[in-house]
Amino acid sequence: MRPRRLRSAVTACLIAAGVMLAALACSGAGPGPDPADLMILNARVQTQDEARPRAEAVAIRGDRIAWVGDAVDAYRWRGAATRVIDAGGRPLLPGFIDSHNHIMMGGDPDVATLGDAASFEDLKKAVRDFAVAHPDLQWIEGEGWNYGALPGGRRPVAADLDGLTTGRPAFLVSYDAHTVWLNREALRRLGIGRSTTRLPYGEVEHDPRTGDPTGFLTGFATLGLSSVGRQALAGTLPSYSEARRADRLRRNLETAARFGITTIVEPQAFPEDLPLFRRLREAGHLKQRLQIALFHPRGTGAGDLERFEAARREFADDHIRVAAIKLYIDDVIEPHTAAMLEPYADAPGTRGDTIYPPAEFNEVVARLDALKFQIFIHAIGDRGIRTALDALEQARSVNGPRDSRHQLVHIECLSPQDAPRFRALGVIACMQPRHCGPEIAARWGEAVGAPRWDHAWAFRTLSEAGATLAFASDWNVAEMEPVIGIYSAVTRAGIDGRPAGAWGAAQTIDVGTAIRAYTLNGAWANFLDTNRGSITASKYADLVLLSDDLMEIPPAAIPRTRVLLTLVGGQEVHRDPALGI
């Protein structure tokens with residue numbers, strides 16, 4: 001038998017050890033069964049986790065976060081094989097979630113980029129210079145032209161492109177991908193004449209005086225980006241070939257990694273696209289996580305829905321997931337094709353129209369909701385937004401309430417009385433802050449008129465009404481960088497330094513709210529909050545290290561912030577040479 005004094009000392013040590021182990025377990029700082037594979041130290045960790053908003057270090061094991069805590073406890077997770085990254089006091093955030101990114105579009109070197117043309121002359125010069133620099137192209141394809149570059153806000157016509165393409169047909173898509181500008185050669189090549197009213201990829205506009213086609217097509221986003229429209233274009237335009245689409249997708253994924261985007265929501269795909277995503281994943285090019293919404297144009301039948309359901313079953317993991325259905329209720333503001341409650345300021349005879357009659361739309365939404373699909377609805381004009389909310393409310397009434405997290409996308413001109421309905425119906429506001437930049441939206445502002453400017457991209461109104469904001473780029477409509485989206489939401493100013501002035505300045509939000517819309521809110525909006533969106537133990541190690549703290553620097557400096565490191569599942573998918581470690 002041991003002496004009583006020795007037994008007391010042993011007992012005291014055991015009690016002390018138990019207290020220490022209990023404290024470590026409660027703090028989450030225990031070493032766990034194995035050391036970490038990777039540790040990030042000396043970081044300003046902005047977790048987006050309310051239980052622990054700030055930390056200094058993160059331990060990663062496999063593809064998951066194993067621990068988040070203070071530097072003093074980090075040694076417990078360090079082993080002989082643990083790789084260590086010294087963040088140098090820089091901010092570490094959850095990987096950005098781009099909740100609406102047409103990742104298969106844009107980024108093609110054989111397609112002219114026209115978004116920088118601020119005037120009509122600049123636009124024509126850009127087309128001419130591109131044609132001269134690419135003498136071997138059969139078609140002159142372009143993208144990104146802004147309505148504001150046209151004089152007097154008028155629509156472009158084929159004659160505007162005379163002499164610019166050395167006799168080759170031109171197919172120029174607007175910045176919002178909703179309209180197309182053709183030259184005379186393209187009209188001839190495509191067989192568009194006086195009797196042509198509709199193509200598989202757009203509605204043909206005619207001169208009301210002569211009856212001739214003007215060279216302007218509307219509805220491209222709903223028709224040209226449909227399966228039928230894309231097939232029709234694939235036989236004509238080189239950029240729609242399978243090989244070119246694969247090249248664009250690969251380049252755009254690399255771009256997304258460079259900007260810290262770890263989850264991409266592709267909002268308008270088709271079952272035919274899914275093998276392409278799979279091939280890129282198998283080849284090691286699809287390093288981010290991909291959520292996919294399948295496009296449901298008007299007239300989609302039961303057979304299509306069966307294919308959608310089969311795709312949802314087949315693609316159902318955290319790397320490629322078919323997760324939603326995409327609908328349109330209206331079009332866009334600049335050509336007066338978005339549905340407005342009151343007439344357009346510069347076209348008092350029109351209010352635009354909805355793509356579906358409301359009763360038919362109610363039936364479509366209720367049917368998809370009954371099939372337990374998440375629904376994304378493109379809704380831009382205030383009447384389009386209201387019609388979409390009415391349909392979602394009707395679906396809830398018919399099918400009963402559930403955690404559906406349906407999304408309205410864009411929400412560019414909101415009637416204030418509809419703002420509370422987002423929270424009441426559990427509808428996500430998926431918005432694209434860069435769209436409201438004054439250098440982009442000048443023509444938009446003229447079309448809706450000054451009395452409605454306070455309702456434009458109503459981030460603050462929706463946030464204060466309790467709506468969940470999920471932010472996105474809508475690439476290739478605007479730049480892909482989340483830091484530019486954050487800057488736009490916070491300032492409403494242009495990247496060119498143009499101040500917001502009276503243009504929606506009351507709808508700015510703070511930096512923290514904007515970051516959350518690109519991280520945890522984006523995860524929640526897409527049913528991903530259990531495994532990403534915050535830097536929390538057991539979630540995926542999808543992380544981004546920034547050069548500057550967005551919460552501390554002046555708003556004007558936000559666009560200059562660089563992404564130094566992007567991790568997806570603990571694996572580096574981008575490293576900036578400036579990181580220096």
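Between the side chains of N476 and E143, a donor-acceptor pair is found at a separation under 3.5 Å. With hydrogens and angles left out, the side-chain atoms of T508 and R460 include a donor and acceptor closer than 3.5 Å. Using modelled atom types, one finds a donor on one side chain and an acceptor on the other under 3.5 Å when comparing T337 with D331. Judged by distance alone, the side chains of D382 and H455 never bring a donor and an acceptor atom under 3.5 Å apart. A donor and an acceptor atom, one from each side chain of T255 and N252, are nowhere located under 3.5 Å apart. For T263 and R532, the side-chain atoms include at least one donor-acceptor pair closer than 3.5 Å.
Of the residues T214, T197, T179, the one that meets the side-chain hydrogen bond (donor to acceptor under 3.5 Å, both in side chains) test with E205 is T214. When the options Q374, Q291, Q407, R405 are evaluated for a side-chain hydrogen bond (donor to acceptor under 3.5 Å, both in side chains) with N526, the one that passes is Q407.
Judged by the 6.0 Å and 45° rule, R298 forms no cation-pi pair with Y328. Cation-pi geometry between R154 and F120 is met: under 6.0 angstrom from the ring centre, within 45 degrees of the axis. Note that R245 lies outside the cation-pi zone of Y240, set by a 6.0 Å cut-off to the ring centre and a 45° limit from the axis.
Contact check on D304 versus R307 returns a salt bridge, with a Lys/Arg side-chain nitrogen under 4.0 Å from an Asp/Glu carboxylate oxygen. Using a cutoff of 4.0 Å between basic side-chain nitrogens and carboxylate oxygens, K124 and D160 are not scored as salt-bridged.
Between the side chain of D330 and the backbone N or O of A338 there is no donor-acceptor pair closer than 3.5 Å.
Less than 6.0 angstrom separates the ring centroid of W457 from the ring centroid of W444. Aromatic rings of H336 and Y344 (six-membered ring for Trp) have centroids within the 6.0 Å cut-off, being under it. Between H100 and H378, the ring center distance fails the sub-6.0 Å criterion.
Between the CD1 atom of I380 and the CE atom of M340 there is a distance of 10.5 Å, given to the nearest 0.5 Å.
Within the 4.5 Å cutoff, the side chain of Y175 has no heavy atoms near those of the W145 side chain.
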Legend entry - side-chain contact (heavy atoms from CB on, under 4.5 Å) between V490 and T513, worked out: CA-CA 9 Å; V490 170; T513 300; over 6 Å; no
Inset, instruction - Any chance you could lay out the side-chain contact (heavy atoms from CB on, under 4.5 Å) test for I320 and R281, step after step, and finish with the verdict? - result: CA-CA 9 Å; I320 305 178; R281 177 182 178 183; 3.9 Å; yes
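Heavy atoms only, all atoms of each residue included: N183 and P169 are closest at OD1-CA, 3.5 Å. Residues D98 and S473 approach most closely at OD2-OG, 2.7 Å, considering heavy atoms. Across all their heavy atoms, P238 and W139 have their closest contact at CD-CD1, 4.1 Å.
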